[in-house]
Amino acid sequence: MKEITLPTSHVIKLINLAAQAASNNEICGIISGAAGKSNNIYPITNIKHSPTEYAMAPDEFVNIFHKIQQQDEDILAFYHSHPNSQPIPSETDIKNAYYPTIPQIIIGKQAKAWHIKAFLLSPPHYIEIPIKLTDT
């Protein structure tokens, strides 16, 4: 995958979800779409309730996975936040990268501003991939 296409409204939604997270905990979820373009954002409960780690609630993950299949879409990316650090994969992110072909979008807070980046994680390495913004 050379890039991920996200509507500006999806970037705003991801940043708002991260900024509104309870107790400054990481958020997580799935972005679905087709042909590399985002169509839907599905927040999933972080069962770790942690500002430094996340784990998606298994039952929600399965339900959303089935919904994405029914809509004839693909999992475009997984996302999570780093509420207290820049949007770069942590050692934990890389260690827990179970889907190396699916990009990880990280929403990170740095110098009181939120930033968003996308990566392919292939332990022990990662590579940044571009995010292309669109109006639709």
For Lys37 against Pro7, the heavy-atom pair lying closest together: NZ-CG, 4.4 Å
Looking only at heavy atoms, what is the nearest atom pair of Asn39 and Ala34, with distance? ND2-N, 3.8 Å
Are any of the side-chain heavy atoms of Gln104 and Asp93 separated by less than 4.5 Å? no
Identify the two heavy atoms, one from Met56 and one from Ile47, that lie closest to each other, and give their separation to 0.1 Å. O-CD1, 4.2 Å
So, do Ile68 and Ile75 sit near enough that their side-chain heavy atoms are less than 4.5 Å apart? yes
Could you give the distance from NZ (Lys13) to OG (Ser38), rounded to the nearest 0.5 Å? 9.5 Å
Salt bridge (charged side-chain N to carboxylate O under 4.0 Å, His left out) against Lys95, all qualifying residues, sequence neighbours excluded: none
Rounded to the nearest 0.5 Å, the OG atom of Ser90 sits from the CG atom of Asn96 at a distance of 8.0 Å
Is there side-chain contact between His80 and Ile106, with heavy atoms separated by less than 4.5 Å? yes
Are Leu133 and Ile15 joined in one hydrophobic group, where the rule is that I, L, V, M, F, W and Y side chains link up if heavy atoms are under 4.5 Å apart? yes
Note, Asn40 side chain near His10 side chain (heavy atom, < 4.5 Å): no
Joint cluster assignment, Ile31 & Ile44, ILVMFWY side-chain distance < 4.5 Å: no
Looking only at side-chain N and O atoms, does Glu60 offer a donor or acceptor that is under 3.5 Å from a partner on Thr45? yes
Rounded to the nearest 0.5 Å, what separates atom CG in Asn16 from atom OG in Ser9? 11.0 Å
Find out if a path of hydrophobic residues (ILVMFWY) with successive side-chain heavy-atom gaps under 4.5 Å connects Ile41 to Val11. yes
Do Pro87 and His82 have side chains that get closer than 4.5 Å, going by heavy atoms? no
If hydrophobic clusters are built by linking Ile, Leu, Val, Met, Phe, Trp and Tyr wherever their side-chain heavy atoms come under 4.5 Å apart, do Tyr99 and Ile30 end up in the same one? yes
Short side-chain to backbone donor-acceptor contact, Asn46 and Glu53, under 3.5 Å: yes
Is there a path from Tyr42 to Phe65 through hydrophobic residues (I, L, V, M, F, W, Y) whose side chains come within less than 4.5 Å of each other? yes
With a cut-off of 3.5 Å and sequence neighbours excluded, list every side-chain donor-acceptor pair involving residues 111-130.
none

Heavy atoms, side chains only, cut-off 4.5 Å: are Glu26 and Pro83 in contact? yes
Less than 4.5 Å apart, side chain to side chain, heavy atoms only: is that true for Pro103 and Phe78? no
Is there a side-chain contact between Ser81 and Ile27 (heavy atoms, below 4.5 Å)? yes
Please evaluate residues Ser32 and Leu76 with respect to the criterion side-chain contact (heavy atoms from CB on, under 4.5 Å), reporting the C-alpha separation (whole Å), side-chain torsions for both, the decisive distance (0.1 Å), and the verdict. CA-CA 5 Å; Ser32 70; Leu76 181 66; 5.8 Å; no
